[in-house]
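Read through the structure below, which is laid out as structure tokens, and then see the notes.
Computed from a predicted structure; not experimentally measured. Hydrogens, waters and symmetry mates play no part in the numbers below; they use all other heavy atoms, side chains included.
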Amino acid sequence: MSNTYNGWTNYATWRINLEMFDGFEPDGTMEADDYKFMAIEFLEADCSTESLAFDYAMAFLDDVNWHEIAENHKEEA
């Protein structure tokens, strides 16, 4: 049984790419850590960092394959 989702490593990777980076046009130099940092900044701007929702969101981000997102956007650039 495959754990992939819509051609991505997993649901978390697909969903974060769709919700946070769809339509994003990187300059081609961004690395995986840059994407993760951006996602964390989005979360910090949206909700209190001392909330249960923030903790769950951060746990969700741990499942994201950031390298896959970075490579996908490099190919598109």
Side-chain angles (χ1 to χ4, degrees):
M1 183 170 102
S2 174
N3 290 329
T4 61
Y5 194 89
N6 283 347
W8 292 85
T9 299
N10 56 30
Y11 175 77
T13 304
W14 169 79
R15 185 69 186 259
I16 292 298
N17 186 68
L18 176 68
E19 297 293 337
M20 294 189 170
F21 300 113
D22 187 41
F24 177 68
E25 296 183 21
D27 61 9
T29 63
M30 289 181 64
E31 299 295 329
D33 288 342
D34 298 320
Y35 285 93
K36 185 174 184 177
F37 182 73
M38 283 181 65
I40 292 170
E41 282 186 330
F42 291 149
L43 290 175
E44 289 173 341
D46 254 8
C47 64
S48 168
T49 58
E50 296 181 22
S51 69
L52 183 60
F54 183 81
D55 291 343
Y56 280 126
M58 290 299 291
F60 188 77
L61 293 183
D62 285 341
D63 289 337
V64 173
N65 183 335
W66 298 105
H67 295 286
E68 183 178 13
I69 290 175
E71 289 304 314
N72 181 274
H73 284 268
K74 280 182 184 177
E75 290 173 8
E76 291 178 3

Checklist entry - Hey, is the main chain of Trp14 close enough, under 3.5 Å, to the side chain of Asn17 for a donor-acceptor pair? => result no
Checklist entry - Can you name the ring-ring contact (aromatic ring centres under 6.0 Å, His included) partners of Phe54, sequence neighbours left out? => result none
Checklist entry - For the residue pair Met30 and Lys74, what are the closest heavy atoms and their distance? => result O-CE, 3.3 Å
Item to check | Taking every non-hydrogen atom, the tightest pair across Ala70 and Ala32 | outcome: CB-N, 3.7 Å
Checklist entry - For Asp55, does the CG atom sit with more than 12 other heavy atoms under 6.0 Å from it, leaving out its own atoms? => result yes
Next on the checklist: Would you say CZ of Phe24 has more than 12 non-hydrogen atoms from neighbouring residues, nucleotides or ligands within 6.0 angstrom?
Outcome noted: yes
Checklist entry - Just by distance, with hydrogens left out, do Glu68 and Thr9 show a side-chain donor and acceptor under 3.5 Å apart? => result yes
Item to check | Trp8 ring center near Tyr5 ring center (under 6.0 Å) | outcome: no
Checklist outcome for this item: Between Ile69 and the options His73, His67, Glu71, the side-chain contact (heavy atoms from CB on, under 4.5 Å) test singles out His73
Checklist entry - Is there a side chain to side chain contact (heavy atoms under 4.5 Å, CB included) between Met58 and Ile40 once you walk through the steps? => result CA-CA 8 Å; Met58 290 299 291; Ile40 292 170; 3.9 Å; yes
Let me confirm one number: the [atom1]-[atom2] distance from [X] to [Y], rounded to the nearest 0.5 Å.
{"X": "Thr29", "Y": "Asp34", "atom1": "OG1", "atom2": "CG", "answer": "7.0 Å"}
{"X": "Leu61", "Y": "Phe42", "atom1": "CG", "atom2": "CZ", "answer": "11.5 Å"}
{"X": "Ser48", "Y": "Leu43", "atom1": "OG", "atom2": "CG", "answer": "12.0 Å"}
{"X": "Ile16", "Y": "Asn65", "atom1": "CD1", "atom2": "CG", "answer": "12.5 Å"}

Checklist entry - Is the closest basic N to carboxylate O distance between Glu41 and Lys36 below 4.0 Å? => result no
Next on the checklist: Can you classify the ring geometry of Trp66 versus Phe21 as parallel (below 30°), tilted (30 to 60°) or perpendicular (above 60°)?
Outcome noted: perpendicular
Checklist entry - Would you say Arg15 and Phe60 make side-chain contact, with heavy atoms under 4.5 Å? => result yes
Checklist entry - How about Tyr56 and Ser51: do any of their side-chain heavy atoms sit closer than 4.5 Å? => result no
